[in-house]
Each structure stands twice: as structure tokens, then as C-alpha cells.
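Quick notes on the structure that follows.
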Amino acid sequence: MSHPRFDIQTAAVIGAGTMGRGIVMSLANAGVQVLWLDNNPEMLEQALGAVADTYAHNVRQGRIDEAEAAARRARIAKAADYPALADVDLVIEAVYENLELKQKIFRELDGIVKAAGILASNTSALDIDAIAAVTKRPEQVVGLHFFSPAHIMKLLEIVRGARTSQAVLEAATELGKRMGKVSVVAGNCPGFIGNRMLATYVREARAMLLEGAYPHQVDAALQAFGFAMGPFRMYDVVGIDLEWRARELAGEGQDQPEVQIDNRLCELGRFGQKSRVGYYRYAEGSRQAEHDPEVDALVQRESERLGYRRREVGEEEIRERCLLALVNEGAKILEEGMAESSTDIDTVYLNGYGFPAEVGGPMTWADRQGLPAIRDRLNGLAERHGEHWKPAELIDSLATLGGRFVDYKKEA
């Protein structure tokens, strides 16, 4: 049986955590009726209260009037159980990042939700195909990766599984427009587009702390380039403990040299803004990051313990390594067909990661530098810092041909 078009008028959201709340508001704000389910009724009550508070705040700010706030609240209803979701057009699962748990939820939904229903996961890095595989409708399974806070952040990564149908991708893109999102379709690979590139950028930032830099220096160099915030301020905002706990749960990655500084901070309960200390200090009730000499001392101790001989790391090197890490990974993503164009990659970085708008995104920046120069700089880094800097094949071939990322289209 074929569905020429999916028309999403009703949706359900599973999970009443931070992401679930933002997604519910994004849908309700776009005029979609939403059923909300969480296995913890108290948490769901709290979440409904938090949503009502957000709308009341928007009214006080003059962003919406009371009638609009009431209309939005009226579109959100609690669901008692899975069978209550049988007739919705779309379900978005927004529970924590655990593959078994997500598979269990999708098995259950597959047996309950109407045949024409789309099943989506808000995962930020897990394998969409592994989630789709437990259902009898893999062509109707898609990733909808919202960015936090989901009702404010513009970016939506729509993740296409191996079997996701074109009609489902179109429906998701259309819904993205209605929610006022900037949507980009990404292939199914670890981290998709944004977080896959971010991992390489953050790895360099952390490596430079061990080699001789301090968090405030790295952040200052990248903020001077135009980033909304450097990587360490970003970690303080999202919580340093998220990745630390994920490594603990996964039982891997905790012994990598690059994460040792994070591990020490977390052991001290320095999780970022929420604990008022992280890479920086925060005064009571303030989000202003203040330089903390204790962190510099910790960085120095940790790098010496790991056998590094510290050296001066200048602003130029900080920018070079962080930017080229983004560009090289972006090139691999294009080469593998995980992004449809370099423009899509730039869109992700401009709307989800605070890349400076006037620079136009990492791939545009690289095109302006000229890819032969980018290749030479990557080769230089490979000589000094190892094989992971080897230029992506796409950079090599485009540099040789005098081509640019912006003109590149992968052969289907």
C-alpha cells in the first residue's frame, strides 16, 4: 500500500525531559495537536507546568498574547499509555541516549500506531537503521535531531535511514518549515553532520590544553574569530558531565588522554553553569563565565601527569587546528554522501553551533582559503601531530582539479 503524502496534523512525544519539553512546544507552536507520554507521571506533571510557565513568560515579554498562549496550551494533552497514541500521524521519541531502550519503545509503537504513522527518534548520534530494524515499517522511521533548547534553536537535522522513504523525508521537511526550523537532511553515521564534526573540533581543543594552552585562551581565540562561544564555555552551558556519564555507561573512552581534564573536573563536581563551577566560575544567579586560576592549575597538573612538556600555544594555532579539524571531517561527510552539499554542512554550523555568520560556515571558509592551501596546511599538521590529520580524499582531488566544495555533488 502506498502513501502518496503524509500530512502531519497530530503528534505524540515520548519523554518529558528537557528535550521532550522543547519538542512539545515546537509542535504546539506550529499548530500541531500533541499527546505527551512519560513513564513517570510526576515528571510529566512538572513538565506541563514548565511549559505553561514558558508560555506565561512569553506573554509577559509581549511575544505572544494570552489568547495565543491558551491556544498553545490547549494543543497539549497527557497520554495515559501507548495505546492512546494509536491514531497520531507522527511519534517523536525523546528519551535518553540508549539504543536498547529506544528499540524497546519502537517495537511497542510499531505494534500500536496506525499503519500510516511516522516513527521518529530525537537521537543525537545513535544508529537510525538499528532503531528502524526492530519495526515492520523501516521506510517510515526517521531521525529528527532537535537542538537544545528545542523550542528556541533553529536547526533540525533530519536523519535519513537506509530505507527511509522520500515521502517521509518530505513530510519531515515540511513539518520543520511549519515549526520555523532550518532543516538539513543528514545521512545515518555516528554523530550525523553536526556532532560528528564537533567531535573532531573538540578533540583538538582538548589536545591543546594538554600541550600547553588553557581553556580561557582557547575560547578567547575562537570567540575572536567570531564563534558565539568557545568549546569550553559551550561545555559549561550544556554540562561537562553529560559525556563523562555517557563514557561511564558505555564502559569505554574514559582512559583517553584528551578527556582526563574533563574527568578530573567532573570528579570535583564541576559540571558547568548548573553547579556554578566548570571550566569557569559563575556568581550566584549569573551566566557570566569568570576565569578560574584553579582550573589552570588543574590543567597544568594533569598534562604533566600524562607526561606532556607544556609549550606556548598561540591564537593562530588554536584557530588553525580547530577550523581545519571541522573542514577535514566535513569533507569526509561530503565524500561519503552523508550531506547533500557543502551548503548543508555550513547551514548546520551556522544554525546549530554558533559559527560566525559573516564567515559563512566552515566549508565556505575553506573554499575562500583555496583548497590547495588547505591541503598543504593539513599535510603540515599531519607531519607534526599524526596521521588523523591526513587530508580527506575529496580535499586532495578537488585541490588537484582546482575545484571547490560548493560545486561538489556526489555521484548518485
Side-chain angles (χ1 to χ4, degrees), residues 6 8 11-15 17-20 22-24 26-27 30 32 85 88-110 113 117-151 153-179 181-199 246 333 336-341 344-345 347-349 351-353:
F6 292 89
I8 299 169
V13 174
I14 297 174
T18 310
M19 287 309 293
I23 294 169
V24 163
S26 298
L27 290 163
V32 178
L85 314 182
V88 298
D89 301 321
L90 165 73
V91 181
I92 302 176
E93 160 278 308
V95 303
Y96 62 90
E97 292 286 74
N98 174 298
L99 184 60
E100 282 76 39
L101 175 63
K102 290 180 190 281
Q103 288 174 322
K104 182 173 171 282
I105 291 170
F106 273 70
R107 262 192 210 98
E108 187 132 6
L109 291 170
D110 191 40
V113 176
I118 297 172
L119 307 181
S121 175
N122 172 54
T123 180
S124 58
L126 293 175
D127 183 348
I128 287 294
D129 292 330
I131 295 172
V134 304
T135 74
K136 296 186 178 67
R137 58 177 98 187
E139 57 293 330
Q140 282 160 237
V141 175
V142 67
L144 291 179
H145 176 211
F146 288 79
F147 285 69
S148 188
H151 58 297
M153 290 288 278
K154 280 274 182 254
L155 183 65
L156 178 65
E157 271 184 329
I158 298 173
V159 186
R160 141 178 79 70
R163 297 182 57 187
T164 310
S165 78
Q166 194 50 42
V168 166
L169 291 176
E170 282 163 15
T173 307
E174 173 59 31
L175 178 65
K177 276 202 193 82
R178 278 166 61 198
M179 292 187 292
K181 302 293 183 196
V182 177
S183 302
V184 168
V185 175
N188 179 37
C189 57
F192 314 131
I193 296 172
N195 285 343
R196 175 172 164 180
M197 288 167 66
L198 185 72
I333 287 170
E336 293 166 25
M338 293 296 153
E340 285 165 20
S341 67
D344 278 357
I345 294 176
T347 298
V348 167
Y349 262 76
N351 292 283
Y353 295 87

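Given the structure is predicted, the values throughout are model-derived calculations rather than measurements.
The only member of I333, V184, V182, N195 that meets side-chain contact (heavy atoms from CB on, under 4.5 Å) when paired with V348 is V184.
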message: Go through it in stages, so that I can follow the logic: the residues are R196 and E157, the test is salt bridge (charged side-chain N to carboxylate O under 4.0 Å, His left out), and I'd like the CA-CA distance, side-chain angles, deciding distance and then a yes or no.
response: CA-CA 12 Å; R196 175 172 164 180; E157 271 184 329; over 6 Å; no
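Side chains of E97 and T123: a donor-acceptor N/O pair is present below 3.5 angstrom, by distance only.
Formation of a donor-acceptor pair under 3.5 Å by the Q103 side chain with backbone atoms of A130 is found in this model. Judged by distance alone, with hydrogens and angles left aside, the side-chain atoms of T164 form no donor-acceptor pair with the main-chain N or O of E139 at under 3.5 Å. No donor-acceptor pair closer than 3.5 Å links the side chain of N351 to the backbone N or O of L155. No donor-acceptor pair under 3.5 Å is formed between the side chain of D344 and the backbone N or O of A339. Using a distance-only test at 3.5 Å, with no hydrogens or angles considered, a donor-acceptor pair links the side chain of R178 to the main chain of I8. With hydrogens and angles ignored, the 3.5 Å screen pairs a side-chain donor or acceptor of S26 with a backbone N or O of A150.
K177 has its side chain out of reach of S183: every pair of non-hydrogen atoms, C-beta onward, lies at least 4.5 Å apart.
Ring orientation note: the planes of Y353 and Y349 are close to parallel, at an angle under 30° on the 30°/60° scale.
In this structure, NZ in K102 is found 6.5 Å from CG in N122, a value given to the nearest 0.5 Å.
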